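So the structure is just underneath, and the comments pick up after that.
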Amino acid sequence: MTANALTVRFTVRNTSASPINVLSRDLPQAHETAAVLAVTRDGAPVPYRGRLVKTAAPTAADYTRIPAGGSYAVTLNLADDYDLSRPGTFTVALASTRMRAATGAPAALPDTIRVDTGHATVRTSAAIRGISKTAGVAPAVTERVKLAAAAVTITYRGCTTSEKTALATAVTNAATMSQKSTTWLTANPSGGGAYTTWFGTYSSSRFSRVTSAYSKITTELTSKALTLDCTSDEDYYAYVYPDEPYIIYLCNAFWTAPATGTDSKAGTLIHESSHFTVNGGTDDHAYGQTAAKQLAISSPANAVDNADNYEYFAESR
């Protein structure tokens, strides 16, 4: 890795004698959809403020092929996704020491390979301002409505009449699912059952985090001012910026999702709401039911920090 005051260049090399298909979401190119970097200022973590995107479980198209002896490189502007407004010594590395890969055709459940994340250190003596997330984007026409069944207020950006109807239903369904999740957790204070399936072995601290998150999500979906943006034409489900609470951007896959059930419209709203820092600030460690269940077994600490696990638990209520 090499770096200067604004950018850092990552190079991933395949030192084996065979080509490797690496899950693109694990590579630095995924910085536009997830927090793939670990950034510190004078030893203290710098919060990620870029997009967190809900995508479907990976398919063959979601892999990047690196030939034998070949490499993949990308240059990133740190100010896009991290607050560099205070000077200091910044250290940058990949957030994970593992990448999911398959040496042949990409598998549904790829193996993991351990990588040397390396690190870059940059000293800044002056403030570096990040680029505005909305720079150059014309404001969408908004319409503010209040759902009759709750005190939540929704501002729609660029939504058609049918999209507004679907979203109002999704908010109501998501609020019901989140409340049912809280009710279940209250009735099962020692975990077990569905809790173990999605969040792993019980610990009081992890259980408390899950309970708190659903309580805050329920409050959001029943009494806060939501902004639902329909202007994206990307092939994701949705995305949010974690430090911009209650603004959710809906994408193409959202509109073809079922109203309820697995990977539903309502579940997507819970997934995205769990990302907001004010609701607990989950990350995206794994996508899809199979990977989420495996995460609960292998790493309960990451399971209670994974948005899909909150979605799937709620969708099963």
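What's counted below: heavy atoms across the whole structure, side chains too, no hydrogens, waters or symmetry copies. Because the structure is a prediction, the values reported are computed rather than measured. Numbers for residues simply follow the sequence, beginning at 1.
No side-chain N or O of T262 forms a donor-acceptor pair with one of E315 less than 3.5 Å apart. No hydrogens or angles considered: nothing links the side chains of Y156 and D229 as a donor-acceptor pair under 3.5 Å. In this structure, a donor-acceptor pair under 3.5 Å is absent between the side chains of S18 and S16. Side-chain polar atoms of E234 and N252 form no donor-acceptor pair below 3.5 angstrom.
No single ILVMFWY cluster, assembled from side-chain heavy atoms under 4.5 Å apart, contains both L295 and I270.
At least one donor-acceptor pair under 3.5 Å links the side chain of N306 to the backbone N or O of A286.
Going from atom OG1 of T256 over to atom NZ of K265 covers 7.0 Å, rounded to the nearest 0.5 Å. For the atom pair E272 CD and L228 CG, the distance stands at 11.5 Å (nearest 0.5 Å).
Under the 6.0 Å distance and 45° angle rule, R51 counts as a cation-pi partner of Y239. Taking the ring centre of Y237 as origin, the terminal cationic atom of K54 falls inside the region bounded by 6.0 Å and 45° from the ring axis. For R317 and F313, the positive end sits near the middle of the six-membered ring, less than 6.0 Å away and at most 45° from its axis.
Ring geometry, Y214 versus F199: the interplanar angle exceeds 60°, so the pair is classed perpendicular (tilted spans 30 to 60°).
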